[in-house]
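Working notes, structure below.
The chains referred to below are lettered A, B, ... by the order of the sequence lines, with proteins before strands, and numbering in each begins at 1. Both backbone and side-chain heavy atoms feed into the values below; hydrogens, waters and symmetry mates do not.
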Protein chains: 2
Amino acid sequence: MARTKEFKEDQVLDKAIEIFWHKGYNGTSAQDLVMHLGLSRSSLYDTFGDKQKLFAQSLRRYQKNAQDQIIELFDKSENIKETLHDIFKQAVVESLDDRITKGCFMVNSSIELAMHDEEIAKIVKSNSQKMEEVFTNAVQKGQDLDQISKSNEAKVLARFIFNNYSGIRVLARTGERDKQVYDDIIKALFSVL
Amino acid sequence: MARTKEFKEDQVLDKAIEIFWHKGYNGTSAQDLVMHLGLSRSSLYDTFGDKQKLFAQSLRRYQKNAQDQIIELFDKSENIKETLHDIFKQAVVESLDDRITKGCFMVNSSIELAMHDEEIAKIVKSNSQKMEEVFTNAVQKGQDLDQISKSNEAKVLARFIFNNYSGIRVLARTGERDKQVYDDIIKALFSVL
DNA sequence: CAAATTCAGGAACGATTGTTCCGTATTTTA
DNA sequence: TAAAATACGGAACAATCGTTCCTGAATTTG
């Protein structure tokens, strides 16, 4: 009856994530999308509706990937503190590796759009809540196992950790290339845990 | 000979800061500027050149104001730790007060433009350097006076503090309205100092 | 008064924006 | 083979973008 789809929606979304991440929402034009996604204007609009919907879908996919990755790390972790350290080390590697500094797609989107777009605001809020939950559970587990200091409540530490994570992502976006700056922040952070 | 200027450039810049801060660079149109600044298209372009120049000038003015304010606080401070606490408390008040959540103009601009605009990147970088310097000196002074823990070097703590400051400004921009979240972060932060 | 300068207002610029639509080729399955 | 669905390229849309320019009124100082 019908011709099958020639492209995988998820693969296109991954490319959309790339360009939106790099250039932001307002900085990415429809023409940019057509060129970078490798499909025609018509297919693009037929498949994803419009630019805003494509962006929201990209951000949701990014969110899911990032969350799943962190959740998995904590799940199979035997030492929460070490796992946390790995997560931050990874963020630093990405910040320094990235020839085109992209920071964090979620943080970037928060700042550019959360205030002016309800749907994006919802995604950002749900991300914050989920991350707070995941980090709180992890820290709690770490405290139960005497791997993390009990000087502060799990939720307090979770919010604190997440805040430093955001900060580091901003730093990356500004183009900071001095590894020592990141290491200093992490060193001080872990002196609380 | 000539008619005198009817508007003060600085006052116009303050209004430009407001709208750029709120809507970002790409989100602010020339029409927005004409309406919000209260002067005509022609005067605008005659005085400031173009949109990009006006933005850069606004950001520089914002930077100077923010820096001077913090420098003055540290200069007349008798207890650095308390002053630091005041600075963070103030950031929280602004985050919660602001009916239209604006976050930090410098952080917002970093994320939106630093990567794509050299001049903005320069401003952001000079701001980071100056802030690191100011915070390092303050922390050093606090350590000398036994007001701040010596468990970490002054520069390490300075970078750490600034990182949390950035994080909090991102949080504000996402529209977080729960004071407890901010207080938790600050509580954990100050357990290091 | 006269020259000089500054303003507002608005028309107009070409370029780019996001989006729609059409014609046609391609591929699938009944 | 016929029908259905998909994808493509490109033309075209109105709207908005940043910017330039012109006119005329207002105000200042020589």
Side-chain angles (χ1 to χ4, degrees), chain A residues 1-60 108-109 112-113 115-120, chain B residues 1-60 108-109 112-113 115-120:
Chain A
M1 319 235 285
R3 180 175 173 178
T4 54
K5 291 226 172 199
E6 286 189 6
F7 56 86
K8 305 279 169 53
E9 278 203 21
D10 282 352
Q11 290 178 1
V12 175
L13 279 182
D14 283 339
K15 291 193 176 177
I17 289 173
E18 273 186 15
I19 190 165
F20 279 135
W21 190 349
H22 177 48
K23 303 183 118 190
Y25 178 79
N26 285 312
T28 304
S29 69
Q31 190 57 33
D32 288 334
L33 290 169
V34 168
M35 294 186 310
H36 195 265
L37 267 51
L39 48 79
S40 68
R41 252 180 174 62
S42 25
S43 303
L44 204 168
Y45 277 87
D46 282 351
T47 311
F48 298 102
D50 59 20
K51 185 181 161 185
Q52 197 276 345
K53 282 178 191 145
L54 174 59
F55 185 90
Q57 220 170 317
S58 303
L59 187 58
R60 268 189 291 263
N108 298 354
S109 304
E112 186 184 5
L113 300 174
M115 226 171 60
H116 304 101
D117 185 314
E118 269 196 46
E119 193 175 3
I120 303 300
Chain B
M1 322 238 292
R3 180 175 174 180
T4 53
K5 290 225 171 200
E6 286 188 6
F7 55 86
K8 306 274 169 58
E9 278 203 21
D10 283 350
Q11 290 178 2
V12 175
L13 279 181
D14 284 338
K15 291 193 177 177
I17 289 173
E18 274 185 16
I19 190 164
F20 279 135
W21 190 350
H22 177 50
K23 305 182 117 192
Y25 179 79
N26 286 313
T28 304
S29 68
Q31 190 56 33
D32 287 335
L33 290 169
V34 168
M35 294 189 309
H36 196 265
L37 267 51
L39 47 80
S40 67
R41 250 179 175 65
S42 27
S43 304
L44 204 168
Y45 278 86
D46 282 351
T47 311
F48 298 101
D50 59 19
K51 185 181 162 186
Q52 198 275 346
K53 283 178 190 144
L54 174 59
F55 185 90
Q57 221 170 315
S58 303
L59 188 58
R60 269 190 290 264
N108 298 353
S109 303
E112 186 184 3
L113 300 174
M115 227 170 62
H116 308 288
D117 185 313
E118 268 195 47
E119 193 174 2
I120 303 301

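The side-chain contact (heavy atoms from CB on, under 4.5 Å) search around Lys23(B) returns His116(A), Ile19(B), Thr28(B), Asp32(B), not counting sequence neighbours. With sequence neighbours excluded, the residues satisfying side-chain hydrogen bond (donor to acceptor under 3.5 Å, both in side chains) with Asn26(A) are Glu112(A). Judged as a side-chain contact (heavy atoms from CB on, under 4.5 Å), and not counting sequence neighbours, the contacts of Ser40(A) are Ser42(A), Ser43(A). With sequence neighbours left out, Asp46(B) forms a salt bridge (charged side-chain N to carboxylate O under 4.0 Å, His left out) with no residue at all. Every residue two or more places apart in sequence or in another chain was checked for a salt bridge (charged side-chain N to carboxylate O under 4.0 Å, His left out) with Asp50(A), and none qualifies.
Proximity of Ser40(B) to the phosphate of dA8(C): a side-chain N or O atom is located under 4.0 Å from OP1 or OP2. For dA8(C), one of the phosphate oxygens OP1 or OP2 lies less than 4.0 angstrom from a side-chain nitrogen or oxygen of Ser43(B).
Rounded to an integer number of Å, the gap from CE of Met35(B) to P of dA8(C) is 15 Å. Residue Lys53(A) contributes atom NZ, which lies 14 Å from atom C1' of dT20(C) at whole-angstrom precision. In this structure, the CG atom of Leu44(B) is 13 Å from the C1' atom of dC7(C), given to the nearest Å. When rounded to the nearest whole Å, the span between CG of Leu33(A) and P of dT17(C) equals 11 Å. Atom CG in Asp46(B) sits about 13 Å away from atom P in dT5(C), given to the nearest Å.
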Do any side-chain atoms of residues 53-60 of chain B form donor-acceptor pairs under 3.5 angstrom with protein atoms, and if so which ones, sequence neighbours left out?
from	atom 1	to	atom 2	distance (Å)
Ser58(B)	OG	Leu54(B)	O	2.7
Arg60(B)	NH1	Glu119(B)	OE2	3.4
Arg60(B)	NH2	Glu119(B)	OE2	3.4

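In this structure, the separation between NZ on Lys51(B) and OH on Tyr25(B) is 5.0 Å, given to the nearest 0.5 Å. Atom CG of Asn108(A) and atom NE2 of His22(A) lie 11.0 Å apart (nearest 0.5 Å).
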DNA chain C in dot-bracket, Watson-Crick or G-U pairs under 3.5 Å, [ ] crossing, | other strand? ||||||||||||.||||.||||||||||||
Any protein N or O atoms within reach of nucleotides 16-20 of chain D? Criterion: under 3.5 Å, listing atom names and distances.
from	atom 1	to	atom 2	distance (Å)
dG18(D)	OP1	Thr28(B)	O	3.2
dG18(D)	OP1	Lys51(B)	NZ	2.5
dG18(D)	OP2	Ala30(B)	N	2.6
dT19(D)	OP2	Tyr45(B)	OH	2.9
dT19(D)	OP2	Lys51(B)	N	3.0
dT19(D)	O4	Arg41(B)	NE	2.6

